[in-house]
Protein chains: 2
Amino acid sequence: MSGGYLKGRIRRDDIVSAAAAVYGEAGYHASSLREIAKRAGITHAGLLYHFPTKEALLAAVLERRDAEDAAREQLTAAPPGLDVLRRFIALAEHNVRHRGIVEVYSRLAAEAVSEDHPAHAYFARHYREARDSIAQSFHALAETGELRPGVDPDLAALTFIALMDGLQVQWLTTPTQVDTVGSLRLSLQTLLTVPLFPN
Amino acid sequence: MSGGYLKGRIRRDDIVSAAAAVYGEAGYHASSLREIAKRAGITHAGLLYHFPTKEALLAAVLERRDAEDAAREQLTAAPPGLDVLRRFIALAEHNVRHRGIVEVYSRLAAEAVSEDHPAHAYFARHYREARDSIAQSFHALAETGELRPGVDPDLAALTFIALMDGLQVQWLTTPTQVDTVGSLRLSLQTLLTVPLFPN
DNA sequence: CCTACCGATCGGTAGG
DNA sequence: CCTACCGATCGGTAGG
């Protein structure tokens, strides 16, 4: 019955995977529909049958990434507090084992600083949501005395997100010299009065 | 006597300035020699008379940036310690008032994570030198008891550099919501046992 | 989904 | 430094 639709969904998924891989290697603007299509096993005109424009394909890549992240880490599900912070650390640990994911994200984020980039709104929203989520946790920790006195929760949240992103670029550039997870743990622990990972 | 050479140097400088501006807006790969040449008031073939290839122009942009940074902040001149850290903060303050500089740097850094990018070696070296400089200062502070006990100087150096870079991308994306200098001060102060900026 | 094509743009070169 | 050009590549469309 829905055989045709199923095949279409699989094909679309292959294209999105190929696109994410190419974006990671070349960024969005420098990626060509022909290269993406070749990896998906079709022509570039065939790709445009599934995604009407280059931008529509980018949107599909970003949407799938959001869905995957949400499903894997349940970042927003936990109540504000230490657990949320631990889940962000877990996300960083996952990323170290999946360089491709980090490449796409880092490259697109840098391109999207321009207001006219098609992914600009996506990243502006992404940053705001991440900051809000982390800030809520720091505020909760402040109320229970688990945040070091004098630390501003909102500023600490901004700092944590910026640190995650900066570490990723530096890690991609010189992988052997960057301990992403160690740096995140150090920074977080320094802000707390209780152990982040009790022995 | 050297009239011809002087004019050549001025023209070359105009081209480098135009290139830096375009790199900041579009990145390196997406920048065209024709757009850069137009802003410098010549044709793209004329540009190639001064710089033989697109890569040669990129190298000139990076070289000039290094020279300007070194001259302005004398980052390597100070003896390791609090003063070096304060100079990096001063650099961040300067950058907030010169968005264009930050755009070039952030965009190129993200592109250059690829090993085959012509600026890859430049950024790998840049990161290493920055880490070494900061690490030396943290080591010095550790010996005088000005670094919080338990803080690893090398990890703290990596963290500080990553934080600077991550803040810049987030600030470029959502300028009104990011306090770059405040975040850097908070992070540094949290690592120290003495005031970074005594009142 | 493909073949065939379009106009536009790219980095670089020849020749002056 | 310019004019004029090259081959290559781009996103997108027509027509099936």
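Everything numeric in this text was worked out from a predicted model, so none of it was measured.
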Practice prompt. Under 3.5 Å for both distances, Watson-Crick or G-U wobble, that's the pair rule; now give the dot-bracket for DNA chain C, with | marking pairs to another strand and [ ] for crossing ones.
Written response: ||||||||||||||||
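- A donor-acceptor contact shorter than 3.5 Å is absent between the side chain of B:E63 and the backbone of B:L58.
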What side-chain donor-acceptor pairs closer than 3.5 Å can you find for residues 110-119 of chain B, not counting sequence neighbours?
{"unit_1": "B:E111", "atom_1": "OE1", "unit_2": "B:Y28", "atom_2": "N", "d": "2.6"}
{"unit_1": "B:E111", "atom_1": "OE2", "unit_2": "B:H29", "atom_2": "N", "d": "3.0"}
{"unit_1": "B:E111", "atom_1": "OE2", "unit_2": "B:H29", "atom_2": "ND1", "d": "3.1"}
{"unit_1": "B:S114", "atom_1": "OG", "unit_2": "A:R107", "atom_2": "NH1", "d": "3.2"}
{"unit_1": "B:H117", "atom_1": "ND1", "unit_2": "B:A119", "atom_2": "N", "d": "2.9"}

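- By the ring pair (Phe, Tyr, Trp, His ring centres under 6.0 Å) test, B:Y127 is found to be paired with no residue, residues two or more places apart in sequence or in another chain being considered.
- Side-chain atoms of B:E103 do not come within 3.5 Å of backbone N or O of B:E25 as any donor-acceptor pair.
- Residues from residues 44-55 of chain B with heavy atoms under 4.0 angstrom of DNA chain D, sorted by number: B:A45, B:G46, B:Y49, B:H50.
- B:I101 and B:V169 are not part of a single hydrophobic cluster, where members link through side-chain heavy atoms under 4.5 Å apart.
- Between chain A and DNA chain D, the heavy-atom contact criterion of under 4.0 Å yields a 5' to 3' nucleotide range of D:dC10 to D:dT13.
- Near DNA chain C, defined here as any heavy-atom distance below 4.0 Å, there are no residues from residues 108-119 of chain A.
- Side-chain contact check for A:T144 and A:E146: at least one donor-acceptor pair (N or O, by modelled atom type) lies under 3.5 Å.
- Looking at residues two or more places apart in sequence or on another chain, you find a side chain to side chain contact (heavy atoms under 4.5 Å, CB included) between A:A140 and A:P80.
- The closest donor-acceptor contact from the side chain of A:S137 to the backbone of A:L85 lies at 3.5 Å or more, if one exists at all.
- Applying the side chain to side chain contact (heavy atoms under 4.5 Å, CB included) test to B:R34 and every residue at least two apart in sequence or in another chain returns B:S32, B:H44.
- Near DNA chain C, meaning a heavy atom under 4.0 Å away, the residues from residues 11-33 of chain B are B:S31, B:S32, B:L33.
- Side-chain atoms of A:E143 do not come within 3.5 Å of backbone N or O of A:F138 as any donor-acceptor pair.
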Which atom pairs, one a donor and one an acceptor, fall under 3.5 Å between side chains of residues 11-19 of chain B and the rest of the protein, sequence neighbours left out?
{"unit_1": "B:R12", "atom_1": "NH1", "unit_2": "B:H50", "atom_2": "O", "d": "3.0"}
{"unit_1": "B:S17", "atom_1": "OG", "unit_2": "B:D13", "atom_2": "O", "d": "3.1"}
{"unit_1": "B:S17", "atom_1": "OG", "unit_2": "B:R64", "atom_2": "NH1", "d": "3.0"}
{"unit_1": "B:S17", "atom_1": "OG", "unit_2": "B:R64", "atom_2": "NH2", "d": "3.3"}

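- Under the side chain to side chain donor-acceptor pair (under 3.5 Å) criterion, the residue pairs touching residues 176-185 of chain B are A:R131-B:Q177, A:T159-B:S183, B:E93-B:R185, with sequence neighbours excluded.
- With rounding to the nearest 0.5 angstrom, the CG atom of A:L62 is 8.0 Å from the OH atom of A:Y23.
- With rounding to the nearest 0.5 angstrom, the CD atom of A:Q168 is 10.0 Å from the CG atom of A:L163.
- Applying the salt bridge (charged side-chain N to carboxylate O under 4.0 Å, His left out) rule to A:E129 yields the partners A:R125; only residues at least two apart in sequence or on another chain are considered.
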